[in-house]
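Each remark here refers to the structure printed beneath this line.
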Amino acid sequence: MKNIVITGGAGFIGSHVVRRFVTLHPEFHIINVDALTYAGNLENLKDIETASNYEFVKLDITDAEAVNKLFSDKKIHGVIHLAAESHVDRSITNPIDFVMTNVVGTVILMNAFKTYGDAENGRFYHVSTDEVYGTLGDDGKFTESTPYDPNSPYSASKASSDHFVRAYHETYKLPIVISNCSNNYGSHQFPEKLIPLMIHNIKHNKPLPVYGKGENIRDWLWVEDHARAIEMIYLNGKNGETYNIGGNNEWRNIDLVKKLCEIMDRKLGREAGTSAQLITYVTDRKGHDFRYAIDASKLENELGWSPTVAFDQGFDKTIDWYLENEVWLERVTSGAYSDYYQSMYSNR
Ligand code: NAD
Ligand code: TDX
């Protein structure tokens, strides 16, 4: 059986990727490597934690000694690297954590894979973001050849790690692939991100903090479609290549929040228009990118991927998941979350 390390498997996207590989690929032994930061939660993987081809290792990827020990103890065939500090607002207040995990952690992992892993036949897959390309105006889409132009400390750290991954391919012939994906939505997303944060606030009748005028545009992709793209790229992508992944599903933030309010009113049995009254325009995010949009035709044409879930359907399922998983939502929003919320949103 081939050992595959998936980093960040206790987080939002990582838990979907781990579940997919554990259930669909008995030929792989999946080692979920995660430091369990505020964003990591093993409850996200309760349903598969006893599977015979699954193992969890608590480890911080910035700890080179521990990473080297793991890779020298077990022959690692491949790495799917998702562990990261992932929230733009946190990167604005604390950029150093982003440099450490996203840049230094990625290089430490690649060094371990290069030295001890199956760097001949295996693969190092770096999961990245469309934010490395910077921001778009009203028209156009990011392609794989769009020049990097990151604007936030988060996107600068992801761009930097992408560059290191490409450099390891050029310099050491490390077999790598990279993908750059747009905004994901779905179950198990930490409620610092727009959609679960708004769902939580609507439920509790709290103000809905829309940054600036709410006119910024994001492209939203069903997280399972991202996980399926990652699976296809890991198995069939070409070494040294980058693949863009997107939902072809652009929304202005304010329109998305209004749609969410309408659906929540129906689901919570509230009079139409009740939740929208909670919308509050707050000071804009510093350096807020205006628009992201992805041209995913390379992935579609070369590997036959396309999104499978229509937004209306996926959005409805997502809202139901947060309403049905009240214990999950209340647990992750207790304790440190209220301090975070206070520091980010009071006086805004
Ligand atoms: P997340 O914040 O939900 O999860 C990150 C995970 O990484 C957590 O489980 C956390 O415990 C772990 N982690 C953090 N620092 C670590 C460290 N030093 N050592 C080991 N583990 C550590 O993130 P997410 O939204 O699931 O994103 C996963 C990856 O996908 C990231 O690389 C992100 O840049 C990328 N991405 C995210 C989106 C999105 O919309 N969320 C879109 C495109 C790309
Ligand atoms: O309270 C809020 N109010 C608001 O108006 C929050 C949290 C966000 N926003 C806006 C900012 C963005 O324009 O909503 C949009 C989405 O914000 P986030 O959910 O924070 O996502 P974004 O900044 O677009 O980045 C996400 O997509 C790309 C992920 O967090 C990244 O990890 C991923 O790489």
Side-chain angles (χ1 to χ4, degrees), residues 6-18 32-42 44-45 57-63 66-67 80-92 97-98 100-102 104-106 108-109 126-132 135 152 154-155 157-158 161-162 179-186 188-198 200-201 207-221 223 226-227 230 245-247 251-254 256-257 279-285 288-292 294 332 341 344-345 348:
I6 299 183
T7 70
F12 165 49
I13 301 171
S15 62
H16 289 269
V17 174
V18 165
N32 171 12
V33 168
D34 197 298
L36 300 182
T37 69
Y38 77 93
N41 184 352
L42 286 179
N44 296 353
L45 291 164
V57 176
K58 185 171 185 298
L59 187 155
D60 187 325
I61 59 165
T62 64
D63 181 347
V67 172
I80 303 176
H81 175 37
L82 294 108
E85 287 293 336
S86 70
H87 193 43
V88 174
D89 293 324
R90 289 186 195 254
S91 81
I92 294 167
D97 284 352
F98 288 69
M100 292 311 293
T101 290
N102 300 0
V104 179
T106 299
I108 286 173
L109 272 175
H126 182 55
V127 175
S128 191
T129 171
D130 59 358
E131 301 195 17
V132 298
T135 185
S152 72
Y154 164 71
S155 52
S157 71
K158 293 295 290 189
S161 55
D162 287 7
S179 60
N180 298 87
C181 186
S182 57
N183 289 56
N184 286 212
Y185 70 95
H188 302 93
Q189 187 171 30
F190 192 79
E192 64 193 349
K193 307 285 180 4
L194 180 72
I195 292 175
L197 183 142
M198 294 294 173
H200 183 246
N201 284 14
L208 308 179
V210 172
Y211 297 167
K213 293 183 178 150
E215 287 170 350
N216 302 62
I217 294 168
R218 295 293 181 266
D219 168 45
W220 293 93
L221 178 69
V223 64
H226 187 190
I230 290 173
I245 312 171
W251 285 84
R252 286 197 319 163
N253 292 335
I254 186 62
L256 189 71
V257 172
I279 292 173
T280 309
Y281 293 94
V282 300
T283 309
D284 209 352
R285 175 184 278 174
H288 197 174
D289 285 337
F290 172 61
R291 174 172 167 257
Y292 305 141
I294 282 278
V332 298
Y341 199 87
M344 204 56 82
Y345 292 95
R348 186 157 189 160

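Numbers here simply count residues along the sequence, with the first being 1. Just so we're clear, the structure is a prediction, and the values are computed from it rather than from any experiment. For ligands, and for the atoms within them, numbers begin at 1 and follow the listed sequence.
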So do Val127 and His226 actually touch side chain to side chain, heavy atoms under 4.5 Å? yes

Hey, mind stepping through Asn201 and Tyr345 against side chain to side chain donor-acceptor pair (under 3.5 Å) and telling me if it holds? CA-CA 12 Å; Asn201 284 14; Tyr345 292 95; over 6 Å; no

In plain terms, say whether Glu192 and Arg90 are close enough for a salt bridge, that is, a side-chain N and a carboxylate O under 4.0 Å apart. yes

What residues sit with at least one heavy atom under 4.0 Å from ligand 1? Gly8, Ala10, Gly11, Phe12, Ile13, Asp34, Ala35, Leu36, Thr37, Ala39, Gly40, Leu59, Asp60, Ile61, Leu82, Ala83, Ala84, Ser86, Thr101, Val127, Ser128, Thr129, Tyr154, Lys158, Cys181, Ser182, Asn183, Asn184

Quick one: CD1 on Ile245 to OG on Ser128, what's the gap to the nearest 0.5 Å? 10.0 Å

Hey, mind stepping through Tyr154 and Glu85 against side chain to side chain donor-acceptor pair (under 3.5 Å) and telling me if it holds? CA-CA 8 Å; Tyr154 164 71; Glu85 287 293 336; over 6 Å; no

Kindly say whether Phe290 contributes a backbone atom to a donor-acceptor pair with the side chain of Thr135 at under 3.5 angstrom? yes

With rounding to the nearest 0.5 Å, note down the distance linking CD1 in Ile279 to CE in Met198. 8.0 Å

CD1 (Ile254) and CD1 (Ile217) are apart, to the nearest 0.5 Å, by 13.0 Å

I'd like a table of the close N/O pairs between ligand 2 and the protein (anything under 3.5 Å), one pair per line with both atom names and the distance.
| residue | atom | partner | partner atom | Å |
| --- | --- | --- | --- | --- |
| ligand 2 | 1 (O) | Pro209 | O | 3.4 |
| ligand 2 | 1 (O) | Tyr345 | OH | 2.7 |
| ligand 2 | 3 (N) | Pro209 | O | 2.8 |
| ligand 2 | 5 (O) | Tyr211 | N | 2.9 |
| ligand 2 | 13 (O) | Arg218 | NH2 | 3.3 |
| ligand 2 | 13 (O) | Asn253 | ND2 | 2.9 |
| ligand 2 | 13 (O) | His288 | NE2 | 2.7 |
| ligand 2 | 14 (O) | Asn253 | ND2 | 3.4 |
| ligand 2 | 19 (O) | Leu194 | N | 2.8 |
| ligand 2 | 20 (O) | Arg285 | NH2 | 2.9 |
| ligand 2 | 21 (O) | Asn183 | ND2 | 3.4 |
| ligand 2 | 23 (O) | Arg285 | NH1 | 2.6 |
| ligand 2 | 23 (O) | Arg285 | NH2 | 3.4 |
| ligand 2 | 24 (O) | Asn183 | ND2 | 2.9 |
| ligand 2 | 24 (O) | Arg218 | NE | 2.8 |
| ligand 2 | 25 (O) | Glu131 | OE2 | 2.7 |
| ligand 2 | 27 (O) | Glu131 | OE2 | 3.3 |
| ligand 2 | 27 (O) | Asn183 | OD1 | 3.3 |
| ligand 2 | 27 (O) | Asn183 | ND2 | 3.2 |
| ligand 2 | 30 (O) | Ser86 | O | 3.3 |
| ligand 2 | 32 (O) | Ser86 | O | 2.8 |
| ligand 2 | 32 (O) | Tyr154 | OH | 3.1 |
| ligand 2 | 34 (O) | Thr129 | OG1 | 2.8 |
| ligand 2 | 34 (O) | Tyr154 | OH | 2.6 |

Looking only at atom types and distance, does a side-chain atom of Asn253 sit under 3.5 Å from a main-chain N or O of Arg218, one as donor and one as acceptor? no

